[in-house]
2 protein chains.
Amino acid sequence: MKFTMAEENYIKAVYHLQHGQDVVSTNALSAELQTKPASVTDMLKKLKAKKIISYEPYRGVKLSAEGRKVALGIIRKHRLWEFFLVDKLQFGWDEVHEVAEELEHISSNKLIDKLDEFLGHPKFDPHGDPIPDSKGKIIAQLQEQLSTTQLHTPVEITAVGSQSTELLELLKHKGLQMGTRLEVKKVFDFDGSLELRIKNQQVVTVSRELASVLFVKPL
Amino acid sequence: MKFTMAEENYIKAVYHLQHGQDVVSTNALSAELQTKPASVTDMLKKLKAKKIISYEPYRGVKLSAEGRKVALGIIRKHRLWEFFLVDKLQFGWDEVHEVAEELEHISSNKLIDKLDEFLGHPKFDPHGDPIPDSKGKIIAQLQEQLSTTQLHTPVEITAVGSQSTELLELLKHKGLQMGTRLEVKKVFDFDGSLELRIKNQQVVTVSRELASVLFVKPL
DNA sequence: ATAAAAATTTAGGTTTGTCTAAAAATAAAT
DNA sequence: ATTTATTTTTAGACAAACCTAAATTTTTAT
């Protein structure tokens with residue numbers, strides 16, 4: 001089935017707001033999408049007719065299984081494009097969101113699969129959010145970004161946010177890899193860079209960008 | 001000034017149809033855009049109000065200086081994206097047009113300038129059409145139509161006159177593409193068809209219609 | 001030069017996605 | 001348990017971009 005840009009934005013918003021919550025309210029959607037509640041009601045009727053959501057008047061809304069699939073497809077596109085913008089076009093990770101909001105509506109599936117391959121099948125976007133695969137499978141975020149871990153707490157690297165050669169080169173140079181044990185010694189507020197102590201030995205400094213694509217679990 | 005997708009498509013269509021012609025007719029736009037003439041008239045009024053075109057009822061339409069600048073901006077985006085798709089994502093040159101039709105409407109100028117740089121400031125798209133620079137400057141096409149080249153003179157295909165899937169399918173079938181070297185062996189007066197020898201090997205026959213949309217440069 | 005044909009515009013509708021204002025349903029508070 | 005407040009829906013409008021049918025203008029052909 002095909003969807004308009006407006007429909008896609010509603011579907012995505014329901015997905016995001018549903019996180020944790022059981023159902024999503026009209027007002028929440030209205031706030032998220034910057035439209036009036038009355039407009040939301042109209043669209044919910046349309047999406048219900050398309051079986052993308054389950055919705056009863058006054059009772060809130062949920063995505064159907066189909067709706068979840070659609071949402072994950074849009075999120076996949078959004079995050080792959082964000083990765084592209086940061087990794088290939090040298091955008092700052094704080095300036096990619098708006099552009100990706102537009103790019104996520106480009107319809108070609110072939111495009112997105114080829115982009116995915118070109119980028120090296122990245123698993124996480126520049127903000128550390130997991131990128132759904134082409135079947136809509138998404139890694140549950142029980143991992144913690146290195147950039148948000150407590151100081152002086154031993155952790156182990158469990159995932160890296162992409163397979164790009166540039167990232168791998170940098171990791172190799174810093175002596176970091178899957179399973180490396182380390183702890184954060186200090187965070188510099190100026191640029192978000194971190195000082196790490198690896199296995200109680202070497203001390204290395206990593207940038208905010210690098211820290212955000214390193215996922216760790218406590219030991 | 002900002003433009004809707006529909007407006008951008010009209011502006012681009014006027015630009016393309018104006019090639020050679022002095023003014024563009026409502027019917028020509030209607031055919032190009034697959035809309036009814038009445039719809040074209042509506043949009044022309046809107047674009048006139050925005051000073052993008054000059055237009056008098058029944059007298060046809062021209063782009064204003066401003067309109068030309070907008071058109072070249074859209075064409076720049078279109079062709080850069082086509083280049084990206086072929087050069088980076090390994091699309092076939094015959095399958096990029098539709099996707100680029102969508103991508104050309106992404107609004108960020110920063111995006112397009114960074115993309116341009118990432119691609120190495122390409123001067124021609126995969127079909128051989130010149131890519132306008134960020135100031136709207138475009139290399140003039142001093143190419144010759146295949147149908148008017150001298151017999152037995154080696155030439156190279158540098159551009160094709162349209163991106164229709166029908167044309168691209170035919171070219172693929174005949175073994176012709178960008179950069180193919182060939183020479184015209186014979187012209188048949190009866191139907192204007194040409195016999196070509198490709199790279200001193202295969203001999204293929206092409207119709208007058210096909211020969212008129214293939215552009216070549218002497219070797 | 002006038003009639004026929006073709007091109008273009010006008011007039012009046014439709015759909016999509018939005019809005020405002022008013023009504024109805026639900027939730028909260030006394 | 002009512003009243004009050006909040007949330008949500010309904011009703012009626014509007015702009016964008018399209019449509020059909022009819023009217024008008026321009027072009028072509030007799």
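Here is how names work: the chains are called A, B, and so on, in the same order as the sequence lines, proteins then strands, and each is numbered from 1.
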Colleague: In residues 25-37 of chain A, which ones come under 4.0 Å of DNA chain D, going by heavy atoms?
Modeller: Ser25(A), Thr26(A), Asn27(A), Pro37(A)

Colleague: Counting side-chain heavy atoms from CB outward, which of dC18(D), dT20(D), dT10(D) is closest to Thr41(A)?
Modeller: dT10(D)

Colleague: What is the distance, to the nearest angstrom, from the NZ atom on Lys48(A) to the C1' atom on dT9(D)?
Modeller: 14 Å

Colleague: By nearest nucleotide on DNA chain C, pick out whichever of Gly60(B) and Met5(A) is the more 5' one.
Modeller: Gly60(B)

Colleague: Given atom CD of Glu56(B) and atom C1' of dT8(C), what is their separation to the nearest angstrom?
Modeller: 14 Å

Colleague: Quickly work out the Lys2(A) NZ to dT16(C) P distance and round it to whole Å.
Modeller: 14 Å

Colleague: Using a 4.0 Å heavy-atom cut-off, does Ala6(B) contact any base of the nucleic acid, only the sugar-phosphate backbone, or nothing at all?
Modeller: sugar-phosphate

Colleague: Hey, does the side chain of Glu82(B) reach the backbone of Ala100(B) with a donor-acceptor pair shorter than 3.5 angstrom?
Modeller: no

Colleague: Is the closest side-chain heavy-atom distance between Val99(B) and Trp81(B) below 4.5 Å?
Modeller: no

Colleague: To the nearest angstrom, how far is Glu8(A) atom CD from dT16(C) atom P?
Modeller: 16 Å

Colleague: So do Leu167(B) and Asp94(B) actually touch side chain to side chain, heavy atoms under 4.5 Å?
Modeller: no

Colleague: Atom CG of Leu44(B) and atom P of dT9(C): how far apart are they, to the nearest Å?
Modeller: 7 Å

Colleague: dT9(C) phosphate, OP1 or OP2: any side-chain N/O from Lys45(B) under 4.0 angstrom?
Modeller: no

Colleague: Enumerate, atom names and distances included, each donor-acceptor pair closer than 3.5 Å involving a side-chain atom of residues 188-197 of chain B, sequence neighbours excluded.
Modeller:
unit_1: Asp191(B); atom_1: OD1; unit_2: Ser193(B); atom_2: N; d: 3.0
unit_1: Asp191(B); atom_1: OD1; unit_2: Ser193(B); atom_2: OG; d: 2.8

Colleague: Glu104(B) and side chain to side chain donor-acceptor pair (under 3.5 Å): which single residue from Arg76(B), Lys77(B), Arg79(B), His78(B) fits?
Modeller: His78(B)

Colleague: Can you check whether Tyr55(B) has a side-chain N or O nearer than 4.0 Å to OP1 or OP2 of dT9(C)?
Modeller: yes

Colleague: Does Arg59(A) place a side-chain N or O at less than 4.0 Å from the phosphate oxygens OP1/OP2 of dT8(D)?
Modeller: no

Colleague: Applying salt bridge (Lys or Arg N to Asp or Glu O under 4.0 Å), which residue pairs with at least one partner in residues 132-147 of chain B are found, sequence neighbours left out?
Modeller: none

Colleague: Return the value, rounded to whole Å, for the distance between atom CG of Asp42(A) and atom C1' of dT20(C).
Modeller: 13 Å

Colleague: Respond yes when some side-chain nitrogen or oxygen of Ser39(B) is under 4.0 Å from OP1 or OP2 of dC18(D), and no when none is.
Modeller: no

Colleague: Answer yes or no: does a side-chain N or O of Tyr58(A) lie under 4.0 Å from OP1 or OP2 of dA23(C)?
Modeller: no

Colleague: Between Lys51(A) and Ala49(A) (side chain of the first, backbone of the second, donor and acceptor by atom type, cut-off under 3.5 Å), is there such a pair?
Modeller: no

